[in-house]
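The residues of the chain are indexed from 1 along the displayed sequence.
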Amino acid sequence: QVHLVESGGGLVQAGGSLRLSCAASGRTFSMYNVGWFRQAPGKEREFVGGITRSGSSTYYADSVKGRFTLSRDNAKTTVYLQMNSLKAEDTAVYYCAADRGSGSYYLSSSYDYWGQGTQVTVSS
């Protein structure tokens, strides 16, 4: 079992940057693919990005491609989401999730464990 805790959210002006962290408990963290999702008020949860177990491959939603970067440090059992050139439409609660299987990164149903979320607010 994995327990996930997100941090790093906050208020930032448009064009600014934030780095979110997803810290995981458990020594088997390297066996999990990790995804990030976000949910804005009144909207459905949407895929942001995913990273493979080793960190060798990453996947991004078109809306964040070129602005967001995923990385992970399995020794620290942490995944990072670097967010640059933030826009007002990036405002949402951001969640990280872990999948021990081989489900689609893009589907929230693929993931077995979820964090509690961290709020990101971008002011225009």
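- Pairs of residues two or more places apart, or lying in two chains, that qualify as side-chain hydrogen bond (donor to acceptor under 3.5 Å, both in side chains) and include a residue from residues 71-82 are R72-N74, Q82-N84.
- The salt bridge (Lys or Arg N to Asp or Glu O under 4.0 Å) test applied to E89 returns no partner, not counting sequence neighbours.
- In terms of the side-chain contact (heavy atoms from CB on, under 4.5 Å) criterion, residue partners of V120 (sequence neighbours excluded) are, by chain and number, L18, L20, M83, Y94, V122.
- Every residue two or more places apart in sequence or in another chain that forms a side-chain contact (heavy atoms from CB on, under 4.5 Å) with V2 is listed here: L4, A24, Y32, Y113.
- When the salt bridge (Lys or Arg N to Asp or Glu O under 4.0 Å) test is applied to D90, the partners found at least two apart in sequence or on another chain are R38, R67.
- S124 is linked by a side-chain contact (heavy atoms from CB on, under 4.5 Å) to A88, counting only residues two or more places apart in sequence or in another chain.
- Taking SG of C22 as the start and CH2 of W114 as the end, the distance is 10.5 Å to the nearest 0.5 Å.
- In terms of the side-chain hydrogen bond (donor to acceptor under 3.5 Å, both in side chains) criterion, residue partners of S56 (sequence neighbours excluded) are, by chain and number, S54.
- Residues forming a side-chain contact (heavy atoms from CB on, under 4.5 Å) with S109 (at least two apart in sequence, or on another chain): L107.
- Sorted by first and then second residue, the ring-ring contact (aromatic ring centres under 6.0 Å, His included) pairs involving residues 41-68 (not counting sequence neighbours) are F37-F47, F47-Y106, Y59-Y105.
- Partners of K87 according to the salt bridge (Lys or Arg N to Asp or Glu O under 4.0 Å) rule, which considers only residues two or more places apart in sequence or in another chain, do not exist here.
- Among all heavy-atom pairs drawn from S110 and S104, the shortest one is OG-O, 2.8 Å.
- Note: the hydrophobic cluster containing Y95 also contains Y111 (ILVMFWY, side chain heavy atoms under 4.5 Å, direct or indirect links).
- Under the rule for a side-chain hydrogen bond (donor to acceptor under 3.5 Å, both in side chains), the partners of T121 that lie at least two apart in sequence or sit in another chain are Q119.
- In the hydrophobic clustering of ILVMFWY residues, with side-chain heavy atoms under 4.5 Å counting as a link, V12 and W36 come out together.
- In this structure, OG on S123 lies 5.0 Å from CG on L11, to the nearest 0.5 angstrom.
- R53 pairs by the side-chain hydrogen bond (donor to acceptor under 3.5 Å, both in side chains) definition with N33, not counting sequence neighbours.
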